[in-house]
Amino acid sequence: MSVVITKPGTLLYDGVDWDYDKVKRVYDAIEHIALKEMGLDVYPNQIEVITAEQMLDAYSSIGMPLMYKHWSFGKHFARDEMMYRKGYRGLAYEIVINSSPCISYIMEENTMTMQTLVIAHAAFGHNHFFKNNQLFQQWTDAEGILDYLEFAKTFISQCEERYGHAAVERVLDAAHALMNQGVHKYPKKRSLDLRLEQKRERERQEYQDQTFNDLWRTVPKPAAGQRPPKSVSERKKLLGLPEENILYFLEKKAPRLEHWQRELLRIVRHIAQYFYPQKQTKVMNEGCATYVHYQIMSRLHETGQISEGAFLEFLHSHTSVVFQPEFDDKRFSGINPYALGFAMMQDIVRIAEKPTEEDRQWFPDLAGRGDGMAAVRDAWANYRDESFILQYLSPQLMRKLKMFSVRDDAEDPYLLVDHIHNERGYRSLRKMLARQYDLGYLEPDIQIVDVDLAGDRKLILHHRVTNGVLLDESDAKAVLRHIANLWGYEVQLIEVSSISEAILKEHAVTAPSGVGG
Amino acid sequence: MNIIDRRLNPQGKSLANRQRFLRRAKEQVVKAVRDASGKRGIQDIENGEKVTISAGGVREPSFHRASSGGVRDYVVPGNKEYVEGDTIQRPDGGGGGRGNEGSADGDGEDDFRFVLSREEFLDIFLEDLELPDLVKQKVKQSESHSLVRAGYSSSGSPANLNLVRTMRNSLSRRMALKRPRRAEIQEMEDLLREAEESGEDAEQIQMLREQLEKFVLRSRRIPFIDPIDVRYNRFESVPKPIAQAVMFCLMDVSGSMTEHMKDLAKRFFMLLFLFLKRRYRAVDIVFIRHTHEAKEVDEETFFYSAETGGTVVSTALEEMQKVVQERYPAEEWNIYAAQASDGDNMSSDNAKSVGLLRDAILPLCQYFAYIEVAAEHNMGLSALGRETELWRTYKQVQSPDRPLAMRRVRSRREIFPVFRELFSREKAGA
């Protein structure tokens with residue numbers, strides 16, 4: 001740390017207490033650095049001051065400022081509150097919402113230095129990432145999300161009034177259980193505009209109410225078995241099978257759901273889709289925000305706008321955020337996304353500006369191109385965790401973190417060290433680490449493969465097992481029960497080996513009694 | 001940039017979620033509360049409680065891979081000595097680095113612990129219980145009234161004058177009748193003075209003067225505040241429900257009452273007190289202990305000081321009657337009584353006790369609970385149905401239209417069930 005003599009007159013603030021004037025001054029100073037010097041591009045900012053209790057509130061409803069009501073949020077709140085009161089766990093310093101304007105929460109208990117850090121981290125770091133990363137651009141509608149949540153909240157509370165808490169809860173429970181299986185992973189026909197989504201739902205509802213005629217109920221149904229049975233492939237094509245978005249399939253095709261039940265599934269599905277990019281960019285998102293706050297705080301310090309004491313306070317919390325315990329440490333709980341992300345961002349800047357011979361070999365396009373900031377901005381815009389690591393993890397960083405890979409084969413009595421940080425291991429390590437962040441690989445591959453609508457209507461799902469790791473049985477059974485509740489008929493899940501196509505395990509749940517209406 | 005202060009937003013946004021959660025976990029929470037209340041001391045029964053429920057009922061399942069089996073690869077940091085091909089002893093409890101990660105969320109299949117607030121605890125604890133005869137039998141309630149605001153009236157005492165309403169009426173009347181404002185008159189006077197000073201055109205002066213005169217006259221004729229403008233706050237007197245209760249604790253403290261029995265009695269009294277406190281704004285307690293003579297004492301003495309002597313129940317009833325007459329008129333107080341005894345009484349006193357109870361005490365009371373406490377090891381005998389002296393005596397008085405309930409309690413565990421039985425909803429009023 002270089003010692004810079006600060007002129008007291010130019011300090012943005014002094015002491016630990018914060019007030020609105022100070023926050024405003026600091027914001028302006030940060031904005032200057034972020035936009036002019038670092039070239040960030042952000043949504044308009046909205047900073048909201050909240051209490052610790054409100055922070056807990058926000059936690060429990062997955063960080064959103066407004067959310068529909070469900071018991072599971074109450075459960076999370078009860079647990080988080082307990083942990084917090086007992087001191088097992090501190091609160092996050094901030095929560096930031098991918099919306100436009102971008103809302104950042106800051107807690108009233110924080111010191112002025114912490115508020116500065118939070119503004120740099122959330123209001124500029126995360127905000128820039130949300131606005132520029134291609135996944136977010138492709139999958140989320142920052143303008144519409146708050147309005148959509150408002151609509152969802154109202155709609156669900158109306159449903160609770162109309163159909164009872166228990167009926168709504170039943171559908172929501174099932175939808176929550178399938179949330180991970182409720183996203184479209186590949187772009188196809190999609191409506192990004194959540195406002196339009198609301199309007200369409202309202203119109204559908206009105207149309208139904210207008211055209212309702214009880215007489216239709218009395219029209220005799222055609223006798224079963226008249227139509228010629230369709231071939232399996234024809235049937236699958238008609239239903240759009242195989243389908244990996246289970247929620248979507250149930251919403252569109254489940255025969256016994258009411259309109260409002262379909263709408264509930266749709267709401268949960270939209271929310272799952274909204275969060276999907278965040279799940280895929282943990283390392284990058286946090287890396288980006290951490291790199292940005294580090295740069296900004298350093299600049300503020302260099303230009304004498306914050307005091308030495310404030311900078312030390314910042315360094316203290318910064319180092320604990322990017323601390324990476326080693327694998328044999330008691331505190332180890334996987335790779336810290338802040339640590340990895342921050343280290344990689346710094347590494348990219350280093351490679352761009354001061355490359356070594358090795359870097360030139362590994363990153364011919366990047367090494368020595370100068371302007372590290374432009375290089376990281378480029379990375380932030382175009383990658384997700386998996387591709388980012390595959391592209392940018394350098395041998396030097398692998399050596400620094402002393403990475404190695406372990407193979408855990410349940411049939412062997414020992415764990416095997418596969419690759420270490422040396423010439424032979426770099427590429428494999430990088431590939432394996434990247435795969436560790438690939439949601440497509442992390443989450444079990446479950447698809448709906450067949451259903452015979454003319455026959456017994458049994459829904460058949462396949463889990464394609466990779467590396468012989470099966471599903472957790474009791475949870476799988478519980479989720480199948482939820483699917484059966486929505487589908488209304490028998491549901492079967494078959495675990496198939498992806499290599500040999502052999503059936504490894506079957507789970508089945510019988511049709512629920514008296515479900516559907 | 002916008003800074004918004006949300007700290008003053010309505011708190012407890014997650015309350016609705018919490019209620020849904022408690023409803024969801026209802027059975028388990030109720031069970032946990034019952035268990036907890038059995039274990040802890042009566043004194044702190046009013047505090048909140050940390051309850052632990054099994055995670056089963058509130059599990060949120062999802063499709064995920066099992067934590068064991070198959071082949072897994074991990075990349076972890078911090079290599080110190082390994083080279084390719086080394087083998088590592090499998091650590092206890094699952095796979096390599098990732099094994100720790102699973103437990104880090106703390107979710108697992110463990111029990112789920114959280115804190116119930118005092119209100120929630122008591123609500124669940126006293127659920128389904130109802131006080132018998134919440135309404136006073138005697139409808140002498142007209143004695144106690146309270147005033148409640150009820151709109152406005154055109155008559156009333158000056159103290160109740162509603163200035164805002166009055167001025168509003170006055171203003172609208174003045175506007176409607178075009179009463180000249182003071183400023184207008186002032187302006188007119190100024191104009192007139194100017195005209196007079198400049199000595200201009202006499203006709204003009206005359207006209208101004210006439211107009212001013214008209215204005216003044218008009219403002220005099222139309223008063224600033226007219227009696228029809230005046231409004232008063234109106235109050236209505238509503239009968240006040242009796243929101244206070246007194247609880248009489250009667251206990252036999254003769255030598256035959258052991259510490260164990262007193263403890264049982266105490267627990268019962270505490271429950272009753274707690275229960276009454278939930279329903280009434282103010283609850284008084286009167287402790288009356290008796291041997292062959294009765295005395296009103298403080299709590300400490302009541303439970304802990306030893307006394308010797310015979311057992312004459314009627315003295316306690318007399319004492320209670322006296323206290324009621326002196327301090328707790330039945331029209332103004334809801335009177336509850338709980339008597340604890342081991343069942344001894346002097347045979348000669350039985351007739352007198354019955355008379356007192358039937359004719360004097362029960363008509364005063366909302367509810368009279370008689371708890372017969374017995375030694376724990378002694379349960380064989382009384383369980384066989386040997387009725388005690390006092391039990392037989394009180395039984396004569398018992399009838400469906402009298403608010404008398406009798407129960408036997410032998411161990412701590414029975415206190416709460418007996419209490420519930422006495423006050424459970426369907427039994428109310430029996």
Side-chain angles (χ1 to χ4, degrees), chain A residues 20 23 27 45-51 53-54 57 60 69-75 77-79 82 108 176-177 180-181 324 326-328 332-334 401-410 414-417 419-421 429 432-433 436 444 446 467-472 475-476 478-479, chain B residues 1-7 9 11-14 16-25 50 58-80 82-91 95-98 100-101 103-104 106 109 112-115:
Chain A
Y20 291 106
V23 170
Y27 181 88
N45 270 306
Q46 176 166 323
I47 291 168
E48 303 194 354
V49 185
I50 60 174
T51 61
E53 194 207 323
Q54 286 169 320
D57 260 350
S60 57
K69 308 252 176 285
H70 189 255
W71 63 266
S72 62
F73 304 141
K75 172 184 157 182
F77 183 83
R79 187 188 55 200
M82 173 97 173
E108 62 169 348
H176 284 186
N180 289 340
Q181 278 74 39
Q324 173 65 62
E326 298 187 335
F327 78 100
D328 47 2
F332 180 76
S333 63
L401 290 173
K402 300 194 176 69
M403 286 183 174
F404 67 111
S405 78
V406 182
R407 165 157 289 223
D408 173 11
D409 188 337
Y414 293 104
L415 306 179
L416 177 72
V417 177
H419 302 285
I420 64 162
H421 42 90
L429 271 184
M432 283 164 84
L433 187 66
Q436 225 161 285
I446 294 170
N467 285 341
V469 185
L470 297 174
L471 289 180
D472 181 85
D475 260 25
V479 180
Chain B
M1 191 238 348
N2 269 334
I3 304 183
I4 299 177
D5 191 351
R6 296 268 184 220
R7 284 173 291 179
N9 274 21
Q11 304 287 308
K13 231 170 78 182
S14 64
N17 288 330
R18 187 177 175 88
Q19 284 162 350
R20 279 168 172 74
F21 167 60
L22 285 181
R23 194 166 54 217
R24 173 81 175 210
K50 188 168 68 193
V58 289
R59 201 170 53 149
E60 296 163 88
S62 67
F63 281 131
H64 60 89
R65 298 208 172 99
S67 53
S68 61
V71 181
R72 291 142 203 267
D73 290 315
Y74 310 102
V75 176
V76 288
N79 182 16
K80 291 178 191 67
Y82 301 129
V83 293
E84 294 113 313
D86 278 0
T87 52
I88 309 174
Q89 192 72 39
R90 196 182 291 276
R98 205 41 83 91
N100 293 333
E101 206 169 73
S103 59
E109 286 297 299
F112 184 75
R113 294 152 71 83
F114 65 102
V115 181

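Scanning both residues, B:Gly78 and A:Phe404, for their nearest heavy atoms gives C-CE2, 4.4 Å. Nearest approach of A:Trp71 to B:Arg24, heavy atoms of both residues: NE1-NH1, 3.2 Å. Among all heavy-atom pairs drawn from B:Glu84 and A:His419, the shortest one is CG-CA, 4.0 Å. Closest non-hydrogen pair, A:Ser72 versus B:Glu60, comes out as CB-OE1, 3.0 Å.
Contacts between A:Glu48 and chain B at a heavy-atom distance below 4.5 Å involve backbone atoms as well as side-chain atoms. Interface residue A:Ile446: only side-chain heavy atoms are found under 4.5 Å from chain B.
Taken from NE2 in A:His70 to CZ in B:Arg20, the straight-line distance is 9.0 Å, to the nearest 0.5 Å. Remark: B:Asp73 CG to A:Leu415 CG distance equals 11.0 Å, nearest 0.5 Å. Put simply, NE2 on B:His64 and CG on A:Asp472 are 4.0 Å apart, with the number rounded to the nearest 0.5 Å. Here B:Asp5 contributes atom CG and A:Ile47 contributes atom CD1; the two are 12.5 Å apart, rounded to the nearest 0.5 Å.
Remark: the backbone N or O of B:Val75 is paired with a side-chain donor or acceptor of A:Gln436 at under 3.5 angstrom.
Options A:Val417, A:Leu416, A:Ile50 differ in how many heavy-atom pairs under 4.5 Å they form with chain B, and the most are formed by A:Val417. Highest contact tally toward chain B, considering only A:Met403, A:His421, A:Gln324, A:Lys402, is held by A:Lys402 [criterion: heavy-atom pairs under 4.5 Å]. Between chain B and the options A:Leu470, A:Ile420, A:Asn45, the largest number of non-hydrogen pairs under 4.5 Å is found for A:Ile420.
If you run side-chain contact (heavy atoms from CB on, under 4.5 Å) between B:Phe63 and each of A:Asn180, A:Val479, A:Asp475, only A:Val479 comes through.
Between A:Phe327 and B:Tyr82, the ring planes lie tilted relative to each other; the angle falls in the 30° to 60° range.
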If you apply the rule side-chain contact (heavy atoms from CB on, under 4.5 Å), what do you find for B:Ile3 with A:Tyr27, and how did you get there? CA-CA 10 Å; B:Ile3 304 183; A:Tyr27 181 88; over 6 Å; no

Any chance you could lay out the side-chain contact (heavy atoms from CB on, under 4.5 Å) test for B:Arg72 and A:Asn467, step after step, and finish with the verdict? CA-CA 7 Å; B:Arg72 291 142 203 267; A:Asn467 285 341; over 6 Å; no

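Partners of A:Tyr414 according to the side chain to side chain contact (heavy atoms under 4.5 Å, CB included) rule, which considers only residues two or more places apart in sequence or in another chain, are B:Thr87, B:Gln89.
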